[in-house]
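Chain letters run A, B, ... following the sequence lines, proteins first and then strands; every chain starts at 1. Just so you know, these numbers come straight off a predicted model, no measurement behind them.
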Amino acid sequence: MTVDHSKAADGLTALTFLNDAEARTVEAIAERIIPDGGDGAGAASAGVVYYIDRSIGGVSTHLQHVYRTGLRALDRYCLNERSAAYIGLTADDQDGVIRHFLGPEQTEVGTTPQLFGDEEGERDDADLPILRRLFAVVREHTIEGFFCDPVYGGNRDAIGWKLVGFPGAYWGYTAQQMGPGFDGRSLPIKTLSDLRAQLQSLPDNSTFTSNQES
Amino acid sequence: MTSKIDAIVVGAGASGAVIASELAQAGLKVVCLDKGPKHTTQDFQLKQDEIRYYARGSLVPSMDTDPITWRETSQDGDGELAPWAAGPLGTANPLHLPPSLGAGGGTVHWGGACWRFRETEFRMKTEIEERLGKSALPEGHTLVDWPITYADLEPYYDKAEWELGISGRGSNVAGRPELDENPWEARRQRDYPMPPLRQGTADIEFSEACSRLGYHPFRTAAAIASEPFKGRSGCTYCGFCHGYPCHVDAKTSTHVAALPYGEASGNLEVREYCRVYKVNRSRDGARVTGVSYYDADGRSVDLEADRVVLACYALENARLLLASGINANGQVGKHLMTHAFGFFMGLTKEPSNPYMGTLVASTSIEDFSGELVHEHDPTVLWGAPIISWPGDYQPIEIAHAMPPSAPRWGAGFRDWMRDNYSHVWSMYSQTANIPTTDTYVDLDPRRKDPWGQPALRMTHGWGEWDQKMVEFLLGVKRKIAREMGLTYWWEETTKPDYHLSTHEVGTHRMGEDPTISVVDVYGRSHECENLYVVGGGQFPSYHGYNPTETIWAMAYMTADSIIGRSAPGPVTEHGHVGDRHASHNHSH
């Protein structure tokens with residue numbers, strides 16, 4: 001069987017902590033948090049799962065247990081309540097699961113979603129706290145992985161930056177660029193790797209101390 | 001370095017770096033200790049990284065290593081780890097933690113807002129009582145006037161601006177009547193050494209709207225070089241400023257603006273990764289003998305010196321004094337004050353391109369500052385400037401600052417970011433809580449840090465009188481938003497859930513009466529004659545301004561006091577009279 005994996009920003013597909021099934025589930029959740037709007041810009045194509053995998057494999061090791069035990073609990077929940085694993089559900093059902101643990105997409109103005117401390121609910125379902133935590137963590141990680149510099153594995157081809165019109169890593173901006181009526185989307189997107197390449201080619205640092213670069 | 005040390009300075013941040021460098025240049029042998037690394041500009045060349053500095057807060061301490069607990073009132077039992085300082089990932093929001101670790105301290109990551117306090121701020125208690133009556137202040141308040149005046153600090157404000165490098169345009173400058181944008185600026189002997197930073201387009205809209213409303217907009221002074229200054233580059237407006245280190249040394253961070261001058265004297269040694277845990281005292285307790293610290297490998301080291309200067313932030317200064325048993329009159333940690341920001345965000349009609357520039361390349365109004373607010377609403381105790389925050393916003397930060405009405409996930413979240421990110425703009429103000437007998441820090445009775453040292457516990461809530469100040473200024477911001485034609489806006493609550501703003505002050509109050517204050521006007525301890533405790537912790541009251549320029553001015557005053565040097569005299573074409581005098585006068 002051939003599998004068409006999404007890719008990290010650097011084109012690699014190997015995993016450093018999550019197992020294959022976990023990665024597929026995480027990617028499916030992330031894609032519902034930031035879904036492709038038909039323009040190719042969603043969490044899966046941005047490689048968000050690789051940002052998450054590399055984060056918990058190396059920097060945020062204190063969150064490994066949230067993913068490992070949380071994803072097991074998610075499987076139990078989905079099989080019990082919906083008779084299929086999370087990745088086997090329709091998009092609408094996947095959204096329903098997220099809504100159940102993360103709260104609705106849109107909250108009423110002036111209310112704060114109550115994510116923790118629902119003691120009554122926790123008595124009924126021992127998995128509730130870890131599932132709530134899992135979805136809060138995945139949401140946070142999905143935003144980071146969608147808008148990070150590609151060096152971190154996500155934001156492949158600067159998909160997230162292009163979507164919102166953020167030009168990325170710049171040494172500076174000119175007076176004309178900061179002036180009225182300037183179309184920021186006309187700026188070429190630059191990453192930290194682009195800046196590092198310039199550093200190496202300009203040992204006198206002339207570029208990054210100059211304001212006039214365009 | 002010789003074995004005899006004249007002064008240990010604990011903390012290489014805003015005040016510590018200035019004092020250490022001034023003492024070293026005057027001939028004293030100084031060792032400056034900091035918990036964090038000795039940053040170099042090379043470390044920051046690729047700092048345009050929102051994961052590293054915003055999401056992971058790599059410059060600021062974490063609740064794991066530097067725990068702070070909090071409770072709203074002293075009736076609330078034990079404190080909990082500061083709940084606003086850890087999101088779902090367990091990482092800190094870098095805005096709401098104590099300043100950066102390492103040389104430069106908070107001046108590495110700061111936005112660089114630079115303010116002199118106005119004359120009336122130094123007598124806030126008297127102004128309120130005379131204007132609004134003695135009963136206007138809340139029951140249990142501990143507000144006092146400052147033991148010094150604006151006139152005492154003016155030469156030192158001037159010194160800070162010209163030594164360290166501040167950009168701005170004065171409005172009340174001796175001999176310069178053409179400079180008059182801010183009618184309420186306190187008199188200054190000369191203008192700033194550099195012109196204001198370049199404004200972004202949305203800031204100009206703010207300024208014009210304020211003028212149309214009859215307010216008096218002027219350019220916010222900034223601790224960022226707007227043009228080359230003392231070998232440092234001018235600002236490049238890269239848009240990774242607040243929360244980020246500077247890649248071209250334009251930002252006035254003391255590791256580039258102060259420490260190098262001390263080190264060049266050959267008298268200053270900066271020791272990195274040294275975590276001071278105790279101030280040691282003589283047998284009779286009247287003097288300090290030095291400090292004990294853990295080095296990078298966790299070994300305890302004792303260091304002796306003729307004097308010790310604690311300069312490691314209002315919170316850690318208080319924690320160290322308490323952990324060292326230096327608190328005979330019970331005043332250490334009392335009178336805690338911090339800022340509520342009244343954040344007001346909106347969407348501009350034309351793109352604001354918020355990824356450009358720096359937040360402090362901005363405009364402010366003082367029409368509602370301090371006592372001026374009483375003319376508009378005498379139930380508001382004290383006002384503050386309203387300050388535009390026109391740029392320096394990256395996408396992850398904005399994803400965490402969306403309006404409550406916006407979707408938090410799904411297609412709606414994605415589309416909101418797509419449609420609105422490039423139109424985000426904001427303004428803010430800073431109002432401080434009135435200190436009371438129930439706003440203070442002490443040692444947490446149970447929680448320890450990984451080195452076994454007691455954690456700091458904050459007791460702090462926002463009073464109704466504090467919320468009223470925020471609400472009044474939000475009302476003005478709504479008027480400005482309408483006048484600007486913002487298409488949508490949203491506001492922070494008047495009772496924010498954070499209690500650390502990175503502007504904590506008041507915890508080792510200065511005063512002339514040793515029974516009701518911790519240090520004198522020079523920061524010298526009333527209890528131990530060769531101990532100085534400096535920084536915002538000295539502030540007797542707090543107002544609508546960022547603290548750092550005043551902290552710098554006071555640091556120069558402390559240095560002069562230690563050296564035995566008189567205050568800077570009037571400026572002449574050769575510089576300060578006092579400076580020239582001093583070069584022949586130091587005695588060590």
Novice: For the side chain of B:T220 and the backbone of B:S362, is there at least one donor-acceptor N/O pair under 3.5 Å apart?
Specialist: yes

Novice: Do you know which of A:E144, A:H62, A:R32, A:R185 has the most heavy-atom pairs with chain B at a distance under 4.5 angstrom?
Specialist: A:E144

Novice: Quick check for you: among B:Q48, B:E50, B:R414, which has the greatest number of heavy-atom pairs under 4.5 Å with chain A?
Specialist: B:R414

Novice: Could you tell me whether the side chain of A:R156 and the main chain of A:A8 form a donor-acceptor pair under 3.5 Å?
Specialist: yes

Novice: Would you say the side chains of A:E140 and B:H400 form a donor-acceptor pair under 3.5 Å?
Specialist: yes

Novice: Between chain B and each of A:T142, A:D149, A:V137, count heavy-atom pairs under 4.5 Å; write down the option with the most.
Specialist: A:V137

Novice: Is the closest side-chain donor-acceptor distance between B:S405 and A:Q106 under 3.5 Å?
Specialist: no

Novice: With a 4.5 angstrom heavy-atom cut-off, is it the side chain or the backbone of B:A250 that approaches chain A, or both, or neither?
Specialist: neither

Novice: Assess the side chains of B:D203 and B:T363: does a donor N or O sit below 3.5 Å from an acceptor N or O?
Specialist: yes

Novice: Under a 4.5 Å cutoff for heavy-atom pairs, which residue among A:V59, A:V151, A:D183, A:T191 has the most contacts with chain B?
Specialist: A:V59

Novice: Sort out for me which of A:G168, A:P167, A:C148 touches chain B most, counting heavy-atom pairs under 4.5 Å.
Specialist: A:P167

Novice: With the side chain counted from C-beta on, respond yes when B:R408 and B:F413 share a heavy-atom pair under 4.5 Å apart, and no when they do not.
Specialist: no

Novice: By a 4.5 Å heavy-atom criterion (distance strictly below it), what part of B:Y355 contacts chain A: side chain, backbone, both, or neither?
Specialist: both

Novice: Given a strict heavy-atom distance threshold of 4.5 Å, which part of A:V66 is in contact with chain B: side chain, backbone, both, or neither?
Specialist: neither

Novice: Can you check side-chain contact (heavy atoms from CB on, under 4.5 Å) on A:V97 and A:L74, steps first, answer last?
Specialist: CA-CA 9 Å; A:V97 173; A:L74 180 62; 3.9 Å; yes

Novice: Only heavy atoms, only distances under 4.5 angstrom. Which residues in residues 46-54 of chain A are near chain B?
Specialist: A:Y51

Novice: Is it the case that the side chain of A:Q64 and the backbone of A:I56 share a donor-acceptor pair, with hydrogens and angles ignored and the cut-off at 3.5 Å?
Specialist: yes

Novice: So which of A:G42, A:G160, A:S60, A:P180 has the biggest tally of heavy-atom pairs under 4.5 Å with chain B?
Specialist: A:P180

Novice: Is A:D39 close to chain B through its backbone or its side chain, or both, or neither, when contacts mean heavy atoms under 4.5 Å?
Specialist: side chain

Novice: Checking A:S55 against chain B: side chain, backbone, both or neither under 4.5 Å from a heavy atom?
Specialist: both

Novice: Compute whether any side-chain donor of one residue and acceptor of the other, for B:S207 and B:R219, lie under 3.5 angstrom apart.
Specialist: no

Novice: What part of A:Y152 gets within 4.5 angstrom of chain B, counting heavy atoms only: side chain, backbone, both, or neither?
Specialist: side chain

Novice: Under 4.5 Å heavy-atom distance to chain A, tell me which part of B:Q199 shows up: side chain, backbone, both or neither.
Specialist: backbone

Novice: Below 4.5 Å from any heavy atom of chain B, which atoms of A:L192 appear? Answer side chain, backbone, both or neither.
Specialist: both

Novice: Give a yes or no answer on whether the side chain of B:T252 reaches the backbone of B:G165 with a donor-acceptor pair at less than 3.5 Å.
Specialist: yes

Novice: If we only count heavy atoms from C-beta on, is the B:T201 to B:N353 side-chain gap below 4.5 Å?
Specialist: no

Novice: Using a 3.5 Å distance criterion without hydrogens, assess whether the side chain of B:E227 forms a donor-acceptor pair with backbone atoms of B:M194.
Specialist: no

Novice: Hey, mind stepping through B:W490 and B:F344 against side-chain contact (heavy atoms from CB on, under 4.5 Å) and telling me if it holds?
Specialist: CA-CA 6 Å; B:W490 59 105; B:F344 190 105; over 6 Å; no

Novice: Give, as side chain, backbone, both or neither, the part of A:A43 having an atom under 4.5 angstrom from any heavy atom of chain B.
Specialist: neither

Novice: Are a donor atom and an acceptor atom from the side chains of A:H141 and A:Y67 found within less than 3.5 Å of each other?
Specialist: yes

Novice: Let me know if A:R139 has heavy atoms under 4.5 Å from chain B in its side chain, its backbone, both or neither.
Specialist: side chain

